[in-house]
Amino acid sequence: MGLKETLKQKIEEHRPRTAKLMKEHGDVKIGEVTIEQAIGGARSVKCLVTDISYLDPEEGIRFRGKTIDETFACLPKVPGKGYPSVEAFWYFLLTGEAPTAQQAEEVIADFKARSQVPQYVIDVLRALPRDSHPMAMFSAAIVAMQRESKFSAYYKSGKFNKMNAWEPMYEESTDLLAKLPAIGAYIYRMKYKGDQHIPSNPDLDFGGNFAHMMGVDAPYDDVARMYFILHSDHESGNVSAHTTHLVASALSDAYYSLSAGINGLAGPLHGLANEEVLRWTQGFMEKLGGAEPTEELIEKALWDTLNSGQVIPGYGHAVLRKTDPRYTSQREFCLNTEGLKDYPLFKLVSMIYKVAPGVLTKQGKAKNPWPNVDAQSGVIQWYYGVTEYDFYTVLFGIGRAIGVLANITWDRALGYPIERPKSVTTAMLEKWAADAQK
Ligand code: AMX
């Protein structure tokens, strides 16, 4: 059975579970909200539902119930390569089932058929000032394609049926995802490679074609596959996933929703942290002026950052309370790759890993002093020659699109309503606080 038929079957199996919970158990309490949570960014408030991934504070992410290693192990690898295709992973995220090699090949063929980027998107990118941030370009390119929306066309068709709305959402999510490698690579080469472009190679999968269009040799294709899969999903409460879900809840289409999510990813406390990590390390190296980095010098630089009121990029997390397994997975890739394990930037990042948790613990503010995904990802990019670090969050965005687009397809499948939490006033909080003291 192909991806869409399998997805349809999974949706039909799942719908009665959601319907039963709503009808028979809708009033069961699953948590309470404190004043701290209301003012403090809804930390730990359980009010989102997804089965696509789950983030345990100690263990880290599981995709469809599987750890990162289990996920890589269960999916068919691209022939002759070390990692599964993004297309196989898309199948897995959508359905919860690992595809066979044949099913993965079918999705690869489907993506290829949808991958052509319209010329007007290129025109939009070229019309933007060349010093625009790559994330602004990426978001603009996505929203520019809104006129292609199959979901919006279906909504306006006069035959809109909530039960079928997942189908056009699935179709346009696949359309959109399949175009992202070409858009990302176009931005990269326009901005940093003298506007010299490399045409897409129809024989390659998502990650392979991205590496090819970027102009970076193997094993960058495997790096791209690993990178996109690792960054795909981190349950639903993070800014990019939540924004995409929120915008889609208004029955906005995938183009509007993903573009909005990408804008959230562009914040330095979220996806832009990978750019900030490289900016920090490069600034540190410059200040050293050729001297060898030592743990003492790193410790001083970290304190300087904290004392200047800034955060240490790549460290801390709103949910995680241990080293992010996405960090560990990339670290292992470095340790297992000849050349990378002795690479000075990797050694520096490893040294920061030794020092930063102690500094953050001593400062006593961050609830989690351990590194997140962003502390490590730039090293690998840099090693393979992608040193333009203001581009790094676009890479994150291509990966994140896989998870959030799978999620909004399921949002439509399960008929999730428009999101609309309730706000209260400060005076109300003060009254409730006073009442609680009586
Ligand atoms: N450096 C310095 N201070 C930090 C810190 C860090 N890496 N992480 C947390 N803190 C501070 C917070 O700013 C906060 O200070 P405040 O009381 O003065 O406001 C205090 O510690 C408590 O914060 P927290 O509850 O531990 O974290 P949070 O849930 O509010 O924020 C996060 C989480 C990720 C935004 C924060 O850890 C941070 O700013 N980290 C650095 C940026 C970063 O790496 N972001 C990427 C996260 C992963 C991702 O989304 N890609």
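Every number for a ligand or one of its atoms is a count from 1 in the order of the listing. For this chain, numbers begin at 1 and follow the sequence in order.
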- Task: Would you kindly say whether Tyr353 and Thr323 are connected by a side-chain donor-acceptor distance under 3.5 Å?
- Result: yes
- Relative to the ring of Phe89, is the ring of Phe92 parallel (under 30°), tilted (30 to 60°) or perpendicular (over 60°)? tilted
- Could you check whether the rings of Trp90 and Phe111 sit parallel, tilted or perpendicular, using 30° and 60° as the cut-offs? perpendicular
- Task: Could you tell me the separation between the CD atom of Glu172 and the CZ atom of Arg114, rounded to the nearest 0.5 Å?
- Result: 10.5 Å
Name every donor-acceptor pair, under 3.5 Å, that has one atom in a side chain of residues 180-190 and the other anywhere in the protein, sequence neighbours excluded.
| from | atom 1 | to | atom 2 | distance (Å) |
| --- | --- | --- | --- | --- |
| Tyr186 | OH | Arg126 | NH1 | 2.6 |
| Tyr188 | OH | Glu388 | OE1 | 2.7 |
| Tyr188 | OH | Glu388 | OE2 | 3.4 |
| Arg189 | NE | Gln196 | O | 2.6 |
| Arg189 | NH1 | Met214 | O | 2.9 |
| Arg189 | NH2 | Gln196 | O | 3.4 |

- Residue of the set Asp221, Asp205, Asp222 for which salt bridge (Lys or Arg N to Asp or Glu O under 4.0 Å) holds with Lys81: Asp221
Distance dump, ligand 1 polar atoms to protein, N/O, under 3.5 Å:
| from | atom 1 | to | atom 2 | distance (Å) |
| --- | --- | --- | --- | --- |
| ligand 1 | 1 (N) | Ile312 | N | 2.8 |
| ligand 1 | 7 (N) | Ile312 | O | 2.9 |
| ligand 1 | 7 (N) | Tyr315 | O | 2.8 |
| ligand 1 | 18 (O) | Lys365 | NZ | 2.9 |
| ligand 1 | 21 (O) | Lys365 | O | 3.4 |
| ligand 1 | 21 (O) | Ala366 | N | 3.3 |
| ligand 1 | 25 (O) | Lys367 | NZ | 2.9 |
| ligand 1 | 26 (O) | Lys367 | N | 2.6 |
| ligand 1 | 29 (O) | Arg43 | NE | 3.0 |
| ligand 1 | 29 (O) | Arg43 | NH2 | 3.2 |
| ligand 1 | 30 (O) | Arg43 | NH2 | 3.1 |
| ligand 1 | 40 (N) | Tyr315 | O | 2.8 |
| ligand 1 | 44 (O) | Gly314 | N | 2.7 |
| ligand 1 | 44 (O) | Asn372 | ND2 | 3.0 |
| ligand 1 | 45 (N) | Leu269 | O | 2.8 |
| ligand 1 | 50 (O) | His270 | ND1 | 2.7 |
| ligand 1 | 51 (N) | His270 | O | 3.4 |
| ligand 1 | 51 (N) | Asp374 | OD2 | 2.6 |

